[in-house]
Peer 1: 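Just dropping this structure here.
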There are 2 protein chains.
Amino acid sequence: MKFAKIPMATISRLSIYSRTLQELMEEEVDVISSERLAKQCAVNPAQIRKDLAYFGEFGVRGVGYRVGDLLNQIKEILGLNRPWNLGMVGVGNLGSALIRHANFLRHGYVFTAAFDVDPQKVGRRLPSGVVIKHLEEVDEVVKDRDVHVGVITTPSSAAQSVANQLVLAGINGILNFAPIQIQVPNCCHVENVDFTIKLDSIAYHLSSNG
Amino acid sequence: MKFAKIPMATISRLSIYSRTLQELMEEEVDVISSERLAKQCAVNPAQIRKDLAYFGEFGVRGVGYRVGDLLNQIKEILGLNRPWNLGMVGVGNLGSALIRHANFLRHGYVFTAAFDVDPQKVGRRLPSGVVIKHLEEVDEVVKDRDVHVGVITTPSSAAQSVANQLVLAGINGILNFAPIQIQVPNCCHVENVDFTIKLDSIAYHLSSNG
DNA sequence: ATAATTATGTGATATTCTTCACATTAATTT
DNA sequence: AAATTAATGTGAAGAATATCACATAATTAT
Ligand SMILES: NC(=O)c1ccc[n+]([C@@H]2O[C@H](COP(=O)([O-])OP(=O)(O)OC[C@H]3O[C@@H](n4cnc5c(N)ncnc54)[C@H](O)[C@@H]3O)[C@@H](O)[C@H]2O)c1
Ligand SMILES: NC(=O)c1ccc[n+]([C@@H]2O[C@H](COP(=O)([O-])OP(=O)(O)OC[C@H]3O[C@@H](n4cnc5c(N)ncnc54)[C@H](O)[C@@H]3O)[C@@H](O)[C@H]2O)c1
């Protein structure tokens with residue numbers, strides 16, 4: 001292990017490894033080799049070892065990796081051995097589906113706040129117990145509900161302004177579902193989710209060009 | 001322009017450029033430089049020029065790119081100057097939200113088929129007019145409704161089996177929302193959408209490590 | 001016409017990321 | 001205890017990707 005800049009791609013893959021390890025745990029697999037893990041994650045075995053080498057030595061030579069141990073180590077690396085609180089902005093079609101979705105909770109992500117500007121929605125209580133607040137109250141609510149990450153599910157026209165307000169409220173991480181490239185200061189880390197980009201990619205590959 | 005293998009990353013970016021160009025069109029901007037376009041897309045200007053150079057010369061030196069022209073050219077490259085038919089498998093929480101979502105249509109993607117295995121759902125007619133079919137009928141329906149791309153929104157436990165059936169039915173492109181790495185033959189191109197991986201990425205950056 | 005300006009297209013360079021190949025270490029067998 | 005086997009950890013090589021820097025071409029101003 002050396003001290004080095006960690007590739008962004010490594011972080012994403014650690015995330016994938018952890019998903020697979022979680023499954024292996026549930027199947028009561030104790031030990032796994034980089035080769036078998038690699039096959040399940042659809043990556044190169046050396047890639048896994050390299051990725052892990054950035055952070056230490058987690059395996060046993062000649063044996064492999066202890067599934068539970070490795071999972072814990074990866075969670076530690078990613079900062080997942082603690083809950084993260086999410087604040088959703090824009091409780092519409094997509095937002096509602098997300099908030100109902102159990103997978104977030106399973107991975108330690110909890111929606112502790114929800115915002116909208118539609119008077120019909122503000123004040124409503126979600127099944128989880130969270131009450132939708134007006135975005136004007138974002139500063140206050142972010143503090144009260146200890147929100148760490150903002151999730152933007154507003155129309156794209158509102159996304160940039162929402163991002164600005166989140167940053168001002170002290171948010172340093174944003175998951176953006178609006179199909180627009182939002183601009184934020186360096187202190188804030190943005191990840192975009194845009195399905196149509198993935199579809200375009202498929203379209204390209206299916207077209208004769210690809 | 002040279003004949004060369006096109007980086008996967010280039011394809012994703014073309015998609016982003018096209019989104020921004022579409023907006024610029026709506027704002028009635030006629031011409032844009034790689035520099036300004038780059039800023040809006042959060043990439044390096046030379047990157048844009050390089051990406052485009054793989055496919056030809058689309059700009060005017062000293063001037064920039066004609067917005068409408070470039071948009072068309074990019075759509076042509078990606079294979080987007082035609083409609084693409086989608087078949088959704090698993091009309092649950094997420095599936096319903098996606099099918100209701102107008103953004104797909106706006107980009108030329110149409111859900112022409114929907115599948116489930118829940119007897120309560122099979123036979124129901126969606127607002128769009130599409131009737132949910134049983135997955136058993138996938139071969140037939142894929143042909144009838146000319147489905148090009150499969151969208152998997154089933155629980156992960158079902159995803160691999162669903163993928164197998166789609167491939168057998170002749171599908172060569174899959175957009176997979178189940179948080180699992182599905183295995184398919186080379187003829188089929190898979191893109192995965194997993195929000196929790198993005199969240200993990202944010203968590204990592206917010207943790208002291210990042 | 002000529003010079004000045006602007007912004008593309010691209011070869012060269014730099015960087016980042018991936019894979020190989022093997023030395024290293026642990027466990028197992030003889 | 002030595003030999004064998006297995007699979008990690010990692011330096012080096014390789015591939016892919018991004019950026020620089022400038023020659024080139026179009027436009028505008030003089
Ligand atoms: N629905 C999907 O499946 C889907 C898929 C991909 C991307 N998206 C993107 O997600 C976003 C939301 O999509 P949707 O279908 O849920 O739209 P929606 O119209 O159903 O919901 C948007 C919500 O945002 C709220 N809102 C508007 N402006 C706001 C502001 N300034 N502050 C706070 N809240 C505000 C609205 O009141 C509404 O409740 C869009 O950008 C869309 O492109 C949605
Ligand atoms: N809901 C979300 O916001 C969200 C977010 C991220 C990822 N996902 C993923 O998307 C998938 C669907 O999530 P959901 O919340 O919509 O679940 P859901 O349970 O609401 O819907 C799943 C649907 O798939 C159907 N189904 C099950 N097995 C099937 C099979 N073999 N063939 C066809 N249909 C089948 C079910 O009948 C149901 O209608 C899951 O893998 C989930 O992890 C969902």
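In what follows, every chain begins at residue 1, and chains take the letters A, B, ... in the order their sequences are listed.
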Peer 1: May I ask you to check whether over 12 heavy atoms, not counting those of B/Gln183, lie within 6.0 Å of atom CD?
Peer 2: yes

Peer 1: When you check the gap from the basic side-chain N to the acidic O, do B/Lys75 and A/Asp200 get nearer than 4.0 Å?
Peer 2: no

Peer 1: Just to verify, what does A/His107 make a ring pair (Phe, Tyr, Trp, His ring centres under 6.0 Å) with, not counting sequence neighbours?
Peer 2: none

Peer 1: Which residues pass the ring pair (Phe, Tyr, Trp, His ring centres under 6.0 Å) test with A/Phe111, sequence neighbours left out?
Peer 2: A/Phe104

Peer 1: Among residues at least two apart in sequence or on other chains, which ones pass side chain to side chain donor-acceptor pair (under 3.5 Å) with B/Arg61?
Peer 2: none

Peer 1: If the sugar-phosphate is the primed atoms plus P, OP1 and OP2 and the base is the rest, what is the B/S/- string for nucleotides 20-28 of chain D, using protein heavy atoms under 4.0 Å?
Peer 2: BB--BBSS-

Peer 1: Could you work out, with ring pair (Phe, Tyr, Trp, His ring centres under 6.0 Å) as the rule, every residue matching B/Phe58, not counting sequence neighbours?
Peer 2: none

Peer 1: For B/Glu136, does the CD atom sit with more than 12 other heavy atoms under 6.0 Å from it, leaving out its own atoms?
Peer 2: no

Peer 1: Between A/Pro7 and B/Phe58, just flag the one whose closest nucleotide in DNA chain C comes earlier from the 5' side.
Peer 2: B/Phe58

Peer 1: Tell me every residue that passes salt bridge (Lys or Arg N to Asp or Glu O under 4.0 Å) with A/Arg13, counting only those two or more places apart in sequence or in another chain.
Peer 2: A/Asp51

Peer 1: Going by number, which of residues 16-36 of chain A have a non-hydrogen atom under 4.0 Å from DNA chain C?
Peer 2: none

Peer 1: Taking only residues two or more places apart in sequence, or in another chain, which ones meet B/His189 in a ring pair (Phe, Tyr, Trp, His ring centres under 6.0 Å)?
Peer 2: A/His205

Peer 1: Check whether B/Ser33 reaches the backbone of B/Gly64 with its side chain - one donor and one acceptor, N or O, closer than 3.5 Å.
Peer 2: no

Peer 1: Rounded to whole Å, how long is the line connecting atom CD1 of A/Ile48 with atom P of D/dT8?
Peer 2: 9 Å

Peer 1: Rounded off to whole Å, could you give me the CD-to-C1' distance for the A/Glu57 and D/dA7 pair?
Peer 2: 13 Å

Peer 1: Any side-chain N or O of B/Arg13 below 4.0 angstrom from OP1/OP2 of D/dT17?
Peer 2: no

Peer 1: To the nearest 10°, let me know how far the axis at one end of the helix from C/dA1-D/dT30 to C/dT30-D/dA1 is tilted from the axis at the other, five pairs an end.
Peer 2: 10°

Peer 1: Tell me, please, which residues at least two apart from A/Asp30 pass side chain to side chain donor-acceptor pair (under 3.5 Å).
Peer 2: none

Peer 1: Within the side chain of A/Lys133, is there an N or O that forms a donor-acceptor pair under 3.5 Å with the backbone of A/Val138?
Peer 2: no

Peer 1: Please give, in whole Å, the distance from C/dA21 C1' to A/Gln47 CD?
Peer 2: 16 Å

Peer 1: In Å and rounded to the nearest 0.5 Å, what is the CD1 to CG distance from A/Ile74 to A/Leu21?
Peer 2: 5.0 Å

Peer 1: Rounding to a whole Å, what distance do you find between B/Phe55:CZ and C/dT10:P?
Peer 2: 14 Å

Peer 1: With B/Tyr65, which residues qualify under side chain to side chain donor-acceptor pair (under 3.5 Å), at least two apart?
Peer 2: none

Peer 1: Kindly say if A/Tyr54 contacts the phosphate of C/dC17, meaning a side-chain N or O under 4.0 Å from OP1 or OP2.
Peer 2: no

Peer 1: Whole Å only: how far is the CE atom of A/Met8 from the P atom of C/dT18?
Peer 2: 12 Å

Peer 1: What residues in residues 190-199 of chain B put a non-hydrogen atom under 4.0 Å from any atom of DNA chain D?
Peer 2: none

Peer 1: Rounding to an integer number of Å, can you tell me how far A/Leu70 CG sits from D/dT8 P?
Peer 2: 11 Å

Peer 1: Specify the separation, in whole Å, of atom CG of B/Leu52 and atom P of C/dA7.
Peer 2: 16 Å

Peer 1: Over how many whole Å does the gap from A/Tyr65 atom OH to D/dA6 atom P extend?
Peer 2: 18 Å

